[in-house]
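Below is one structure, written out as structure tokens; the observations come after it.
Lettering follows sequence order; numbering is per chain, from 1.
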Amino acid sequence: MTAQAMLLLTILTEEVLEDILIKEIMALGAKGYTISEARGRGTHGLRTGKWSAGGNIRIEVIGDAALCGRIVERLHANYERDYGLLMFTSAVEIQN
Amino acid sequence: MTAQAMLLLTILTEEVLEDILIKEIMALGAKGYTISEARGRGTHGLRTGKWSAGGNIRIEVIGDAALCGRIVERLHANYERDYGLLMFTSAVEIQN
Amino acid sequence: MTAQAMLLLTILTEEVLEDILIKEIMALGAKGYTISEARGRGTHGLRTGKWSAGGNIRIEVIGDAALCGRIVERLHANYERDYGLLMFTSAVEIQN
Amino acid sequence: MNFEPVVLFFVLGVIAGLLRSDLKIPGSIYEALSIFILLAIGLKGGVELAKHQVGDLLVDGLIIVLIGAVIPLVAFPVLRLLGRMSRADSASIAAHYGSVSVVTFSVGITLLGKELLDFEGYLIVYLVLLEIPALMIGVILARHGQGQVRWGKLLHEVFFGKSIYLLAGGLLIGFVAGSEGIKPLDKLFFDLFKGVLALFLLEMGLVASSRIAALREYGAFLAGFAVVMPLFSATLGTFTGWMLGLSVGGTFLLATLYASASYIAAPAAMRIAVPEANPALSIGASLGMTFPFNIFVGIPVYLWMAKTIHASGG
Amino acid sequence: MNFEPVVLFFVLGVIAGLLRSDLKIPGSIYEALSIFILLAIGLKGGVELAKHQVGDLLVDGLIIVLIGAVIPLVAFPVLRLLGRMSRADSASIAAHYGSVSVVTFSVGITLLGKELLDFEGYLIVYLVLLEIPALMIGVILARHGQGQVRWGKLLHEVFFGKSIYLLAGGLLIGFVAGSEGIKPLDKLFFDLFKGVLALFLLEMGLVASSRIAALREYGAFLAGFAVVMPLFSATLGTFTGWMLGLSVGGTFLLATLYASASYIAAPAAMRIAVPEANPALSIGASLGMTFPFNIFVGIPVYLWMAKTIHASGG
Amino acid sequence: MNFEPVVLFFVLGVIAGLLRSDLKIPGSIYEALSIFILLAIGLKGGVELAKHQVGDLLVDGLIIVLIGAVIPLVAFPVLRLLGRMSRADSASIAAHYGSVSVVTFSVGITLLGKELLDFEGYLIVYLVLLEIPALMIGVILARHGQGQVRWGKLLHEVFFGKSIYLLAGGLLIGFVAGSEGIKPLDKLFFDLFKGVLALFLLEMGLVASSRIAALREYGAFLAGFAVVMPLFSATLGTFTGWMLGLSVGGTFLLATLYASASYIAAPAAMRIAVPEANPALSIGASLGMTFPFNIFVGIPVYLWMAKTIHASGG
Ligand SMILES: Nc1ncnc2c1ncn2[C@@H]1O[C@H](COP(=O)(O)O)[C@@H](O)[C@H]1O
Ligand SMILES: Nc1ncnc2c1ncn2[C@@H]1O[C@H](COP(=O)(O)O)[C@@H](O)[C@H]1O
Ligand SMILES: Nc1ncnc2c1ncn2[C@@H]1O[C@H](COP(=O)(O)O)[C@@H](O)[C@H]1O
Ligand code: NA
Ligand code: NA
Ligand code: NA
């Protein structure tokens with residue numbers, strides 16, 4: 001039960017990308033992920049989830065800085081231009 | 001892809017306020033927001049979302065300290081007294 | 001409106017435990033909690049919420065380090081072995 | 001006693017709630033059921049309305065609304081003076097009781113079907129008309145002498161809130177389509193109505209059981225009010241219906257309308273317009289107490305009242 | 001073969017899952033469909049029960065429950081000794097197979113309708129009665145000599161868990177209302193039953209396809225068990241039904257009940273009561289293997305068994 | 001004018017959206033309604049198909065698909081050259097208009113029911129067939145000379161995306177079960193169809209009202225395209241149907257199919273295959289403009305066209 005410092009990477013993006021991104025994230029070495037539904041507004045306009053392919057998801061991955069860096073880099077390169085995408089990290093302490 | 005330090009302001013409040021708060025938040029200068037459903041318990045009692053107007057929402061806004069301060073101040077003044085409302089900030093690094 | 005430093009404890013675990021854990025958390029002295037739906041994958045395999053008792057929930061509790069420590073200890077002792085369970089804390093500033 | 005199986009679903013829900021069963025109706029299903037009920041009731045009313053000259057109903061409508069406005073105006077001083085409740089709470093509760101409950105009304109219609117009694121179908125129109133003045137009176141009472149009413153937001157909430165909107169929209173579509181045009185929709189909206197009402201009552205029971213507890217905290221006065229007020233309103237409705245020459249069924253339904261208290265439109269509107277009122281009080285009274293009282297005790301009593309006044313008066 | 005179109009919806013779901021179609025039934029819709037099925041089956045049983053003297057059914061009921069208890073008591077040593085599975089897993093799987101599946105039962109009823117065979121409607125009562133001892137035996141087997149059972153939590157989970165609660169509640173309402181009183185609800189609960197069952201099977205297929213993979217990891221023993229066990233249980237049920245003098249349809253349904261394995265009530269109850277058991281094993285076997293086996297192969301076979309024993313015995 | 005009450009529900013939804021009513025259909029209910037409509041249409045088509053020799057329909061089918069492929073091939077240069085839109089946007093919009101709308105088609109069928117006109121039920125098969133080449137042409141147009149198409153992902157998205165999958169699955173089940181076997185499902189899938197369509201149109205109205213605004217930003221050209229294109233496609237369909245010897249009802253339905261634009265399958269497929277296209281443009285045009293144009297103006301016009309060509313040609 002010694003706490004362990006890690007990064008929590010939060011990815012807010014379009015629902016249609018779920019399967020594709022999960023595959024990429026696991027392939028880059030993540031041990032797990034958590035997904036929940038969201039809606040919102042950003043530079044790509046309003047995303048209310050009220051229409052097919054119109055909602056957001058939040059993908060959260062806990063990992064070390066290297067893993068988070070790899071994921072950010074990959075997603076930045078492949079999806080940033082064409083899709084609604086916001087990524088940010090914060091410091092967390094794993095308590096398991 | 002240089003990470004940029006920002007604040008993530010999380011607002012937990014009543015579902016009925018969604019439209020009103022979104023308008024205020026955008027008017028105060030936010031670039032975007034993310035909303036998701038929640039339920040919970042605090043000083044205003046249990047909010048299970050099991051009845052019309054009985055659920056919570058989580059509104060998240062990423063911005064600089066000034067923006068978050070303005071939003072906190074406005075919401076504190078207008079809604080703190082009569083509505084279930086919890087606001088907290090944490091440090092995040094934008095990775096886009 | 002002076003911000004107050006606190007810990008946010010996030011617990012990702014199985015839906016079936018909701019009622020039991022809430023009781024434990026409140027008994028340990030929490031002032032409130034927030035629950036939302038989630039799905040994900042970890043060492044206990046995929047949890048998509050697509051089957052009865054198959055989904056995850058996210059429980060968030062804001063409190064001081066002592067409270068979070070007590071909750072972590074209790075959950076670790078009672079549920080870690082048999083259930084999907086991930087707990088982590090992060091630093092937040094209450095803004096109410 | 002006039003026993004109706006659908007109310008057993010309410011009991012099933014209450015017991016599940018009290019025994020902490022893990023039974024729950026997902027929020028989105030609750031939403032769908034209520035959209036269905038509101039539209040179906042509206043369509044039914046519109047089809048009936050199409051059979052009448054709308055002009056003929058105007059005077060009746062005005063009388064029914066004016067007498068209906070008495071209810072919150074009586075409830076407010078009772079709550080404020082006898083109950084020593086705050087101005088905001090008194091006003092909010094008064095608005096809930098001046099407003100109406102579509103589900104209580106539906107249970108009433110169901111009972112008439114069982115008793116083979118006819119009723120004036122256009123009464124459904126008053127479901128829409130009664131809601132609006134009640135909510136406005138509530139806000140005026142709360143704000144009297146404080147003058148910072150968000151009228152715009154409130155009126156919007158009232159007129160375009162989903163319950164009034166769907167009722168009124170259904171009325172219009174039913175009116176335009178008429179009983180011939182609506183036929184292909186009958187299989188969904190009319191044939192399934194009672195079954196859907198049963199499922200909705202199951203959910204209402206689940207919620208009501210949690211509200212009864214909330215009510216208990218606030219003592220005997222409010223509980224008493226939640227039983228006496230509908231009896232008073234029903235008496236008012238019985239006389240009004242009889243005076244206006246409605247049938248036994250129509251008189252009974254008007255009494256039921258007056259006696260019912262809102263728990264969908266009013267809570268949402270009051271939370272915005274009178275935020276300092278405690279919603280646990282008003283919903284606890286209307287949903288935790290008045291609703292079950294009406295469907296188990298009130299409705300049979302109101303039917304008896306309607307029959308009696310027509311027997312004596314005829 | 002006795003071909004039933006509703007089972008094609010299960011196939012449609014399985015294929016969608018295997019081909020990774022983006023088809024999914026939202027969780028809340030799945031919840032609503034299962035509430036509907038449980039209530040409808042309960043109501044149907046209650047209406048039938050009202051036609052009988054409840055006392056007459058007590059002895060039959062006791063016999064059916066006692067013989068039903070044989071199933072987990074046989075399954076446990078087989079899993080433990082032949083399968084070399086852990087005590088907890090063996091006990092949990094035994095509980096799943098002692099318990100029953102409402103949907104398998106419904107597919108059985110649907111087939112009887114197609115074959116124009118009658119059945120004793122009160123058999124639905126045993127759906128409720130069989131669940132409870134099976135889950136309790138499972139927990140006793142898991143905890144034998146370790147004695148730290150959370151009986152309170154478990155019994156609560158079993159009796160007030162939504163499946164038993166809705167079945168029992170439907171039974172009671174159907175019983176009280178009788179076939180006359182329930183008429184206005186027929187259009188929802190009875191006429192739409194088969195269509196709703198089809199949609200539910202679609203979702204079951206989607207889930208089952210993901211479970212088959214989980215099962216594959218655990219090797220051939222469990223897969224074999226998931227096919228042989230229902231055949232054994234069905235044989236037990238066929239003899240029991242025949243001994244008790246049930247009709248061909250009734251005998252077949254009792255066999256189907258015994259042969260079916262739970263995947264709603266049991267998983268939730270076992271997750272709480274025997275948390276160290278691996279849920280992927282028990283759900284994989286019951287939903288990924290036994291359920292499709294029953295609806296495609298088992299059910300036609302059990303009908304043949306019931307017809308055969310009645311032909312030879314008569 | 002051929003007035004159909006179900007389209008009033010679309011109007012009700014649009015007005016609710018424009019007036020910012022808090023009315024909303026939960027996402028999971030929307031999902032359920034669309035699963036229902038796709039399955040029901042598929043089943044209906046399969047039952048009809050079972051009455052024919054499939055071979056006889058092959059040549060017709062090939063002709064209908066080939067002529068249908070003209071639509072995106074005409075739309076693309078119009079958008080690119082006249083509208084000066086980007087290659088990706090032009091290709092994506094072309095794919096939307098080559099593809100079809102199940103709901104528009106359903107409103108067409110509903111109108112035929114009202115007019116007591118028969119139609120060739122197997123036309124529903126073309127609903128499935130038309131979707132696929134349109135989406136592939138869209139991708140080829142977008143990627144021409146850039147050659148980095150994710151064909152695997154795209155084909156998967158198209159064939160196993162839920163709309164095609166449910167339509168095709170329903171077709172197969174209906175075909176296998178035939179009109180006798182499907183009877184027990186009629187009460188759900190056929191009797192309730194029109195009512196469910198009404199609810200779906202309500203939701204479509206809510207969404208369309210938000211799309212109209214999005215469209216406004218992109219000026220008059222796209223709005224004009226969204227009205228002229230379906231008229232062109234319908235003309236093509238009218239001639240094709242007439243040439244192939246379809247009945248008046250069948251000719252009308254083929255025209256409606258050609259004229260309709262996709263807003264379920266195409267948006268999802270294009271978002272994956274041509275991500276640089278702006279989805280607001282294509283959905284704004286197809287859902288915000290063409291869909292309402294078709295159900296209010298187009299469909300009556302196409303019926304008139306079919307009647308006229310048959311009257312003159314006969
Ligand atoms: N400033 C912000 N604060 C919170 N969430 C945001 C913010 N900006 C964008 N988002 C979320 O990220 C999604 C994609 O952002 P974008 O790519 O800017 O459209 C939006 O739909 C929002 O859910
Ligand atoms: N200590 C806490 N930890 C986590 N969430 C909380 C806490 N207190 C309040 N909340 C959330 O904030 C909402 C409003 O809080 P309150 O105004 O205290 O009723 C509650 O319904 C909870 O969802
Ligand atoms: N590395 C991770 N990042 C994000 N979420 C995780 C991670 N590992 C586990 N989780 C979440 O925690 C739940 C339980 O984890 P576990 O006990 O490892 O199965 C999973 O279902 C996920 O929702
Ligand atoms: Na009233
Ligand atoms: Na069994
Ligand atoms: Na088209």
Side-chain angles (χ1 to χ4, degrees), chain A residues 5-15 21 25 28 34-50 54-63 65-93, chain B residues 1-40 47-49 55-65 67-68 70-71 75 86-96:
Chain A
M6 283 279 196
L7 281 186
L8 166 68
L9 168 63
T10 302
I11 304 163
L12 291 164
T13 190
E14 303 187 17
E15 218 172 351
L21 295 192
I25 287 169
L28 288 168
T34 299
I35 296 186
S36 44
E37 319 288 332
R39 45 209 160 88
R41 179 192 281 279
T43 53
H44 288 78
L46 191 63
R47 304 191 55 79
T48 59
K50 294 286 300 171
N56 281 342
I57 48 168
R58 170 203 307 274
I59 307 177
E60 286 162 311
V61 183
I62 290 183
L67 172 70
C68 293
R70 283 199 303 279
I71 297 174
V72 165
E73 203 162 335
R74 176 74 61 92
L75 268 53
H76 190 85
N78 290 354
Y79 306 99
E80 171 88 48
R81 195 173 53 102
D82 294 326
Y83 294 96
L85 178 67
L86 177 67
M87 298 182 283
F88 57 86
T89 51
S90 55
V92 297
E93 305 219 322
Chain B
M1 231 177 330
T2 49
Q4 198 189 344
M6 282 279 196
L7 281 185
L8 166 67
L9 168 63
T10 302
I11 304 164
L12 290 164
T13 190
E14 304 187 16
E15 219 171 350
V16 279
L17 292 182
E18 176 167 335
D19 289 349
I20 302 177
L21 295 192
I22 289 310
K23 240 186 246 166
E24 301 230 29
I25 287 168
M26 293 307 280
L28 288 168
K31 293 268 188 313
Y33 58 85
T34 299
I35 296 186
S36 43
E37 319 288 332
R39 47 207 158 88
R47 304 191 55 78
T48 61
N56 281 342
I57 48 168
R58 169 202 307 272
I59 307 176
E60 286 162 311
V61 184
I62 290 183
D64 55 28
L67 172 70
C68 292
R70 284 200 303 279
I71 297 174
L75 268 52
L86 177 66
M87 298 181 282
F88 56 86
T89 51
S90 54
V92 297
E93 305 220 323
I94 306 294
Q95 302 285 347
N96 283 58

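For chain B, the nearby part of A:L12 is the side chain; its heavy atoms alone come within less than 4.5 Å. Within the 4.5 angstrom heavy-atom criterion, only side-chain atoms of B:M26, from C-beta onward, approach chain A. No part of B:I22 comes within reach of chain A, as not one of its non-hydrogen atoms sits under 4.5 angstrom from that chain.
With sequence neighbours left out, B:E60 forms a side chain to side chain contact (heavy atoms under 4.5 Å, CB included) with A:R58, B:L8, B:T10, B:T34, B:R58.
In terms of heavy-atom proximity, B:A91 sits nearest to A:S90 at O-CB, 3.5 Å.
Between atom CD of residue A:E80 and atom CD of residue B:Q95 there is a gap of 11.5 Å, rounded to the nearest 0.5 Å.
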